[in-house]
Structures are given as structure tokens and as C-alpha cells.
Participant: 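I have a structure I would like to understand better, so I am pasting it below and will then ask my questions one at a time.
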Amino acid sequence: HRHRMGGASLMRVMLAFPSSEVDQRAVTAASCALASVLGLRVEPRRLRADHDAAGARAAVQAVLDAVTDPAVALLALPYSPGHTAHLVTDVIQRCPRPVLVVPISKRQLATTDVDRVLVPLNGTALSADTVAEAVGMFCARGVDVVVLHVFDESTVPKFWDQAEHARK
């Protein structure tokens with residue numbers, strides 16, 4: 001999903017649902033730090049959500065439609081409890097691209113270095129395929145990749161307390 005322009009890769013990072021300038025600055029900083037690790041350039045794009053239900057559904061669909069563009073490699077979302085939390089959750093569950101979720105708090109931490117990433121997977125080929133290219137890029141640059149198997153009610157094993165019960 002990368003394009004070459006002037007010798008450097010262009011990764012379009014979409015910034016969705018910012019409710020304030022603080023959200024936008026935090027997510028842009030995290031996106032730039034991530035792009036720096038991957039040797040890519042960032043082109044932020046800002047999308048807003050309306051407060052009514054129809055506007056929220058339209059905003060989620062607009063984001064999902066936009067990430068089908070082959071130039072979009074990553075979606076960046078601010079997350080904090082509030083009116084956009086359900087929108088972020090909806091997008092994360094349906095997004096066909098890796099998603100960078102930036103927790104927003106009153107006390108912002110400087111985001112300049114990325115040395116570890118968390119990759120939650122649900123055990124399906126689709127979830128693994130979605131992040132395979134990005135994980136490979138992180139590994140090639142020496143970033144510590146932590147993979148977390150996430151279960152839901154339909155996938156959690158009845159018991160899994162011994163090594164012989166483990167799945168590969």
C-alpha cells in the first residue's frame with residue numbers, strides 16, 4: 001500500500017474524529033513518530049463526526065470508504081471516553097487497514113520514539129493479513145513487536161491452563 005514519490009515512500013495517514021486541536025496534535029505527533037520509524041512520509045487528513053446518529057453513521061462509513069484507497073496505509077484515531085468513543089470502536093472493528101489508536105488524556109506525553117508496538121489479533125487470517133506488511137516493516141527496523149491474541153465470547157477456549165492445551 002505504499003507509493004514511491006521522489007525516492008521516499010508516501011503513507012497517507014487519515015486522522016478521524018478529532019474533537020479538539022489537542023486530539024489532532026497528539027494523533028499527528030504519534031503518526032509522524034510511527035512514520036519516522038518506518039521510513040515513510042505522512043499526509044494527514046482530518047475527518048469529523050456529527051453528533052447525531054445519522055451523521056455518526058455517515059462519518060464511520062466515510063472513513064471506511066476512504067481507507068480502501070491503496071495509498072492509505074494507516075488510520076490514526078484519537079481515543080478518549082466521550083462522544084466519539086463508539087465511533088472509534090465501530091471503525092476499529094470494521095477497518096481493513098492497521099489502526100493507530102492514540103489515547104488522549106489531560107496530561108499528554110511527548111511521542112517522539114517508537115520502539116515497541118502492540119498488535120492485537122483475533123486468530124483469523126483476515127486480521128493477520130491486515131497487519132502483515134506493517135508488522136514486517138516494524139521487524140525489519142528492529143522495533144519490538146508484541147502480538148496479543150484477543151478472545152471474544154465465541155473464541156475463548158473452555159480451558160487453557162496447561163501447555164498441552166495450547167494451540168499453535
Side-chain angles (χ1 to χ4, degrees), residues 1-105 111 114 117-138 143 145 147-155:
H1 304 303
R2 289 171 283 144
H3 295 283
R4 291 267 180 215
M5 291 184 64
S9 296
L10 172 65
M11 175 177 68
R12 185 175 305 145
V13 175
M14 292 177 41
L15 170 58
F17 314 132
S19 58
S20 70
E21 290 302 316
V22 171
D23 290 6
Q24 185 166 356
R25 281 193 306 272
V27 177
T28 300
S31 300
C32 289
L34 188 64
S36 175
V37 167
L38 297 175
L40 303 170
R41 294 180 1 172
V42 175
E43 179 186 316
R45 181 172 166 194
R46 186 175 178 161
L47 299 171
R48 284 191 173 270
D50 294 329
H51 293 284
D52 65 350
R57 280 192 304 276
V60 167
Q61 193 57 53
V63 170
L64 295 172
D65 290 345
V67 298
T68 62
D69 179 345
V72 175
L74 181 74
L75 175 62
L77 302 170
Y79 184 85
S80 62
H83 80 277
T84 61
H86 69 285
L87 301 176
V88 171
T89 302
D90 192 20
V91 170
I92 290 169
Q93 292 173 341
R94 298 171 48 198
C95 188
R97 299 277 191 267
V99 179
L100 170 64
V101 179
V102 180
I104 305 296
S105 67
T111 307
V114 176
V117 295
L118 175 65
V119 181
L121 298 173
N122 66 4
T124 65
L126 177 61
S127 69
D129 290 345
T130 299
V131 299
E133 182 180 5
V135 168
M137 292 166 61
F138 284 122
V143 174
V145 176
V147 178
L148 174 67
H149 188 142
V150 179
F151 293 107
D152 64 21
E153 290 179 10
S154 66
T155 61

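Atom set for the values below is all heavy atoms of this structure, side chains included, hydrogens, waters and symmetry mates excluded. We number each residue from 1, following the sequence as shown.
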Participant: Please report the shortest heavy-atom distance between Cys95 and Val67, naming the atom on each side.
Facilitator: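 Minimum heavy-atom contact is SG-CG2, 4.1 Å.
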Participant: In Å and rounded to the nearest 0.5 Å, what is the CZ to CG distance from Arg94 to Asp90?
Facilitator: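 So the gap between those two atoms works out to 5.0 Å.
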Participant: So which heavy atom on Val91 is nearest to which on Leu75, and how close?
Facilitator: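 Smallest interatomic distance, heavy atoms only, reads CG1-CD2, 3.3 Å.
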Participant: If we ignore hydrogens and angles and just use 3.5 Å, is the side chain of Ser36 paired with the main-chain N or O of Cys32 as donor and acceptor?
Facilitator: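 Between the backbone of Cys32 and the side chain of Ser36 there is no qualifying donor-acceptor contact (under 3.5 Å).
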Participant: If every non-hydrogen atom of Val102 is compared with every non-hydrogen atom of Ala30, which pair is closest and at what distance?
Facilitator: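 That would be CG2-CB, 3.6 Å.
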Participant: For Thr124, does its backbone N or O pair with a side-chain atom of Ser127 as donor and acceptor, under 3.5 Å?
Facilitator: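 Yes, because the side chain of Ser127 sits within donor-acceptor range (under 3.5 Å) of the backbone of Thr124.
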Participant: Please enumerate all residues that pass salt bridge (Lys or Arg N to Asp or Glu O under 4.0 Å) together with Arg57, with sequence neighbours excluded.
Facilitator: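 Counting only residues at least two positions away or on another chain, Arg57 forms no salt bridge (Lys or Arg N to Asp or Glu O under 4.0 Å).
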Participant: Minimum heavy-atom separation for Ser80 to Ala85, with atom names?
Facilitator: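 So the minimum-distance heavy-atom pair works out to O-CB, 3.8 Å.
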Participant: Compare every heavy atom of Thr130 with every heavy atom of Leu126, then report the nearest pair and how far apart it is.
Facilitator: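 Looks like O-OG1, 2.7 Å.
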Participant: When you measure from the side chain of Arg97 to the backbone N and O of Val72, does any donor-acceptor pair fall under 3.5 Å?
Facilitator: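 Indeed, once roles are kept as given, a pair shorter than 3.5 Å links the two residues.
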Participant: Taking Val147 as the fixed residue, which of Val117, Leu118, Leu121 is the one that meets the side chain to side chain contact (heavy atoms under 4.5 Å, CB included) rule?
Facilitator: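 That would be Leu121; it is the only one of Val117, Leu118, Leu121 passing the side chain to side chain contact (heavy atoms under 4.5 Å, CB included) with Val147.
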Participant: If you round to the nearest 0.5 Å, how far is OH of Tyr79 from CD1 of Ile92?
Facilitator: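 It comes to 8.0 Å.
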Participant: So, for Ile104 and Pro78, which heavy atoms are closest and what is the spacing to 0.1 Å?
Facilitator: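 Residues Ile104 and Pro78, closest heavy atoms: CG1-CB, 3.6 Å.
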